[in-house]
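Everything below concerns the one structure shown next.
The structure displayed is predicted, hence computed values, not measured ones.
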Amino acid sequence: MHTAPQAPPALLAASTPTAPQVVRRGVEDYQVSFDAMRAYTDSRTADSPDQLWIVEHPPVFTLGLGADIAHVLNPHAIPVVQTDRGGEVTYHGPGQVVVYLLMDLRRNHPGARLFAREFVQKIEQAVIDTLAAYNLAGERKQGAPGIYVSAGPWQGAKIAALGLKIRANGCTYHGVSLNVAMDLAPFSWINPCGYEGLATVDMQTLNVDAPLSDVQTLLADKLVAHFAMAPSP
């Protein structure tokens, strides 16, 4: 197992005063990230910056609040961690971009708030835009959060997963994962997101050879751009 880095995470400047900050946390055990997300959210004030945390995890299966443990078919000694996000079981591992969104949905929306549906749509669009930059076509599926391949022999396969926690005060954590160049076998040891037989794919299988760091940066940039936009009227 990799351990959490000892040095403080590198903080990258946001592109505008209202854009979230981007924090690179490197390779980090899932539990460390999970505990840190909750601690940051617990301590937030009205002045706390919104942040996007970029991280890569050693192999781990995570369960959403309503997840059925029966969807973990055989963990093969990979840790299984109960979380407080929405959704079912998913897998995180090396070669996957994970971005956690520590956001205050009440911010920059005078007299209102960014609704959960719009929040999810912005995240999904950032993934679609990232894939498009590599000439890959992604799409949403009604009632099944995440992004799926929309064309070619892998049409319908899931390439990105989404799981969030939105507290009553509008503060969020957890986030999105995009499969870049992974060992995909662990996805066959679960029913991904609770769907039996759901095919899961990565960018490498779709003939895209991209350094993980490049995809991390691009997805973070797309997220920053979407969240820096003015709210819809």
Looking at Cys171, is its backbone amide N or carbonyl O close enough to the side chain of Thr41 to form a donor-acceptor pair, meaning the two atoms are under 3.5 Å apart? no

Measure from the side-chain N and O atoms of Arg44 to the backbone N and O of Asp47, and report whether any donor-acceptor pair falls under 3.5 Å. no

Donor-acceptor pair, side chain of Arg140 and main chain of Ile128, under 3.5 angstrom: no

Within-4.5 Å side-chain heavy-atom neighbours: Tyr173 and Tyr40: no

Side-chain donor or acceptor of Thr217 paired with backbone N/O of Asp214 under 3.5 Å: no

If every non-hydrogen atom of Val98 is compared with every non-hydrogen atom of His92, which pair is closest and at what distance? CG2-ND1, 4.0 Å

Ion pair Asp42/Arg167, N-O distance below 4.0 Å: yes

When you measure from the side chain of His57 to the backbone of Glu28, do you find a donor-acceptor pair of N or O atoms at a distance under 3.5 Å? yes

Just by distance, do the side chain of Asp183 and the backbone of Ala185 share a donor-acceptor pair under 3.5 Å? yes

Measure the acute angle between the ring planes of Trp189 and His76, then classify it against the limits of 30° and 60° as parallel, tilted or perpendicular. parallel

Does NZ or CZ of Arg38 lie under 6.0 Å from the centre of the six-membered ring of Phe34, at an angle within 45° of the ring axis? yes

Sub-4.5 Å side-chain heavy-atom contact between Asp84 and His174: yes

